[in-house]
There are 4 protein chains.
Amino acid sequence: MIFGSDNMAPVHPAAMAALAQANTGYTTSYGTEDAMKQVTAQIRDLFEAPEAAVYLVATGTAANALALAVYTQPYQSVFCHELAHVNMDECGAPEFFTNGAKLVELTGADGKITPDTLRAKAAGFRNPDIHRVQFGSLSIANVTETGSVYTPAEITALTAAARDCGMASYLDGARLANAIVAAGCTPAEMTWKAGIDVVSFGGTKNGLMGVEAVILFDPQKAWEFELRRKRAGHLFSKHRFLAAQMQAYLRDDLWRQLASRANAAGAELEQALASVDGFAPLYRRDANLMFAKWPRAGHERAQAAGAYYYDEPEAHGKNGAPDDLLTARLVCNWNTTSEEIAQFAALVRG
Amino acid sequence: MIFGSDNMAPVHPAAMAALAQANTGYTTSYGTEDAMKQVTAQIRDLFEAPEAAVYLVATGTAANALALAVYTQPYQSVFCHELAHVNMDECGAPEFFTNGAKLVELTGADGKITPDTLRAKAAGFRNPDIHRVQFGSLSIANVTETGSVYTPAEITALTAAARDCGMASYLDGARLANAIVAAGCTPAEMTWKAGIDVVSFGGTKNGLMGVEAVILFDPQKAWEFELRRKRAGHLFSKHRFLAAQMQAYLRDDLWRQLASRANAAGAELEQALASVDGFAPLYRRDANLMFAKWPRAGHERAQAAGAYYYDEPEAHGKNGAPDDLLTARLVCNWNTTSEEIAQFAALVRG
Amino acid sequence: MIFGSDNMAPVHPAAMAALAQANTGYTTSYGTEDAMKQVTAQIRDLFEAPEAAVYLVATGTAANALALAVYTQPYQSVFCHELAHVNMDECGAPEFFTNGAKLVELTGADGKITPDTLRAKAAGFRNPDIHRVQFGSLSIANVTETGSVYTPAEITALTAAARDCGMASYLDGARLANAIVAAGCTPAEMTWKAGIDVVSFGGTKNGLMGVEAVILFDPQKAWEFELRRKRAGHLFSKHRFLAAQMQAYLRDDLWRQLASRANAAGAELEQALASVDGFAPLYRRDANLMFAKWPRAGHERAQAAGAYYYDEPEAHGKNGAPDDLLTARLVCNWNTTSEEIAQFAALVRG
Amino acid sequence: MIFGSDNMAPVHPAAMAALAQANTGYTTSYGTEDAMKQVTAQIRDLFEAPEAAVYLVATGTAANALALAVYTQPYQSVFCHELAHVNMDECGAPEFFTNGAKLVELTGADGKITPDTLRAKAAGFRNPDIHRVQFGSLSIANVTETGSVYTPAEITALTAAARDCGMASYLDGARLANAIVAAGCTPAEMTWKAGIDVVSFGGTKNGLMGVEAVILFDPQKAWEFELRRKRAGHLFSKHRFLAAQMQAYLRDDLWRQLASRANAAGAELEQALASVDGFAPLYRRDANLMFAKWPRAGHERAQAAGAYYYDEPEAHGKNGAPDDLLTARLVCNWNTTSEEIAQFAALVRG
């Protein structure tokens, strides 16, 4: 009954096997190995982007911060939702990698930004105005930090608003596989066809050991990305082991299988809890992640029996109420079983 | 009828005379001249702070950003009002000088933060939490960006809340003279006695050509400040001309005389406009600066006759209403005459 | 016949087995797993440093740049050999992580700095002098970039000279295991007992997949290191797989066995080449790495037969001579066999 | 007998008069005043560069660091002479403003770089190589830090070598007036006609209070420069007083008159000292600045009589010799009289 985070889950056997298979003899290092060439070709195919530049890093924060740095000058800004991972959960990595760009917080229901909110906030900056930071980039996440999923149409509208301001658009895809599955669209439809300039395609939360692809649809940004990755210590010498994981992820659409299972588990979990007395979701759930509240006794029973998940009181600002409801963030993953969901729901229900 | 900014005003004759007087023969450079020793001694006296380190820079942005950099690590944050100059009007200077610290926006009536708002926002950061930026400093301005003035008691309460979180407290004193006059307190009461760690004492907006003193009450921070100032290109070689201006400012409390006149003009202006039909202040005015709205026709009459002031619609979020009221920011200064106020009010009134 | 780099070598089977073993079920993330607690305890034991803070990162550049950032302010400097990896091979990572500290280049035979060179260079900075960058840290590598090894006595003398200037001392230990084996000393003797404040203990070049430990002998620096690591995107969510590798490395002194083999191979290789006509080492070789030159024909024969190694002409400034001698960097590793050495030497000899 | 620095000298009366004249009533701020428009037009005329963007800052370090930041990415480098002001005397300002670019030191007689030295050093970087910092810009100063002057032909050859590497070329013109006078060329011949992309035109050391113009020959860099200047706190609100000084400087070629006098004084001083027993210049003197050594007794006599100048032993590495010769840096300025030169030389001679 572990719903703490998809990064607490084990690595999928196929990824482990790929690592073992990659460990044969000598290979050139720093991403020059053949496996990386294949990864690039496969991702270009998958995203229908034959010119795209593709790079691998080992953490989601590295992917986010490097992608934003390529598109945001120090005297510019990143517009994002106030609850965004880049804004709240990376100890200022985007500010570090961009050399001090400002993250501009937007609000919005279900962790989503709307084009109207973006335009209204942007208007307050009166760009170009020498006294203000300038527009650099828009950063959205899909799946969002609160568990909802933007549709391709929503992304298209958002990136259009961003483009009107002169902003590039980044999609934090730490859970991109889950978002694509949830939206029922193609990778291209969710990204460049929707106006996204650069996207991360996360593997770590979806069954890999530690790999995220960053896909730059404008290959002219490739060299700068490479230099920033190296300078940030994120170019691996034994890079073949990143490439191997990504190969496993792409083979037979493993990424899709795993995300499908995680999303299905999320739906099961929501349904199982829905009948709990006092249960109330905080945001719309579209994938494998949800925030919800229910009476304290249900928490105590589940936790006493070994259930593990995060309490997220302050950031989501809903707790401490006299009504004795406590908030939880619950995350399913590729490895979550229907049995543990049922067991957990039974405990919560009491 | 110039109410555009106190930095549009001329330099007071005493400051001009001091520049001429300082221009005799050779002097050592980079702040080692005797005049600076006297400035330090005088400011220590004025602020009743015999150990304080005192430095001069030429712009308010330099003063703010350097002071914050000394007290805020890159992985930390600066808590400030969302309308603060450091947040909105310096093109990201605090982020640059701190190497990427995050400015955390607080809201509050009249451009002021309250201890409760500060504590509530801080709670959401759950510090120490490795995923969040850490608490670095609180930055408040007096006079605030909207024209109100914190009392020493209010500052004391705020810095206590900040200290509870482990934050240092910076007071942006671009208009400190005006704030001190408005509050009827001593410089010490408004600063270190109220828990402030570092303060700027602005001269540029109050009759000087371009000088701000930065006063660090903890002399252990002095050397780091000096290094950061040099590294930022803000250590003047012909520093004697900064010192000379500050000497003029301190002589016979010129700073107080000029601020008193500017504040009095602000009060006159507010009173003169109060009877205008449809006139409505946006914030409390305590010193020489105010935001207010009134019918469009009054704006047109005044501007046609040569009145000059800023429209600040977006940042202050009050315009565009169908009621035909337009917002203005009006700033008086040491040189504002009662005649131009009367003339302006008459035009607005129609 | 691969002498390109120790990072082209495969991962040792024990490390692969440890990864598989760590992949059982759920674990907490971000370094909070039990395995990391054991790693910390084991490294404290190995280094006889019961208070040391121990962290894992995945690349040598991350280890170097983070360690230096903790000990070097932006307005300070890092003194290092002009050929140092931190100076030449990290695309400016130390400058990035320190927010712009200056790397001050020292010269010295065999890639080594001497206390006299350090003192002489430092004297030129006349610290404290507001116009100069200040002394921050000394960075040395062991094994050095050219293949020599500092003895504990040499390190002690160097760190004493650094301390006299107020510099902290960092030891880049990407090949620390090889250096310890070569010097025949204990880890403690080569590090804190010799005045080192912070050291990296590299695994990637010595049989692991991608792990370096950073050991801070002053635990008061721990939290800052953690924050900088997170902010740089170098805190792994599935951190257990870093810990697992390091556990394998520490078990039965695997690090020592592998380094011993690599060093022995280096000695064999040097000996085998010594009799080649025209063979000349560029620097003293103490471990698994050497630079040498020999006639062009020998290079051509070896490379035609599949030998792989780097030509390093410019940085080491010895090529282009009319004598037809070409320089090579040759690196052995834990997996290098006596057979390939013999085969290679035979080809070079012709 | 003050030969300490040209920044110890008084401000020329014409500049003081211009300040007084500019202090009439209200003006718009932040460089939007009419006077700045005139300055731009005049400098475009003087430099025969009708498209150039022209900005004013108050310190030479600000001018240098901002200009370099516009042309040097964080992952790039600035090639400069090891004795350059940007390298040795700005506490790392270029590193700060560029967000961590690396300054690459070149050697060369008389404080000058040659194209051969530049090409040889550049070759060692093997750009493009992901492990190295990339080529960003070349920075030279004229007058150089040691008192020599590059001819337009020398600059042309250097910038051509830089361009071959993909580097832009910056000319630190803190003493540009002196260099132009010494070379007997036009401002255009020394700058854009010689391949310079951006130049500072210093006033502070040549009779102004604190103004340097930065001239960007590529107007496409203008807006970025403006943003960086603002973000660095170097955009003055009462900017009219910078413009006024520069207007005085340009009127009737005051800059040329003052530099001519300073250079002539330099020549007089050199000639007067040449006959001193044991006198030896360290570098070629072409303008108002020289380094020389002579016996200790001469120093003691002059200093006892009130002469003031800098000893520069370490950076210029020539002192401490057993021969009892001590090095001095001697700087003349627009205000230096033939009488003080004669008096000084007599004292040194004994």
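Naming convention: chains lettered A, B, ... in sequence-line order (proteins, then strands); numbering from 1 in each chain. Scope of the values below: all heavy atoms of this structure, side chains included, with no hydrogens, waters or symmetry mates.
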Checklist entry - Residues in side chain to side chain contact (heavy atoms under 4.5 Å, CB included) with A:A302, at least two apart? => result A:A307, A:F344, A:L347, A:V348

Item to check | Contact origin within A:L103 toward chain B - heavy atom pairs under 4.5 Å | outcome: side chain

Checklist entry - Side chain, backbone, both or neither: which part of A:D129 has a non-hydrogen atom closer than 4.5 Å to chain B? => result neither

Next on the checklist: If you count heavy-atom pairs within less than 4.5 Å of chain A, which of B:T61, B:T98, B:N87 leads?
Outcome noted: B:N87

Checklist entry - Would you say A:H131 and B:M88 make side-chain contact, with heavy atoms under 4.5 Å? => result no

Checklist outcome for this item: d(B:E105 CD, A:K102 NZ) to nearest 0.5 Å is 6.5 Å

Item to check | CD on A:E90 to CD1 on B:I130, rounded to 0.5 Å | outcome: 13.0 Å

Item to check | Least distance between heavy atoms, B:V133 atom then A:C91 atom | outcome: CG1-C, 3.6 Å

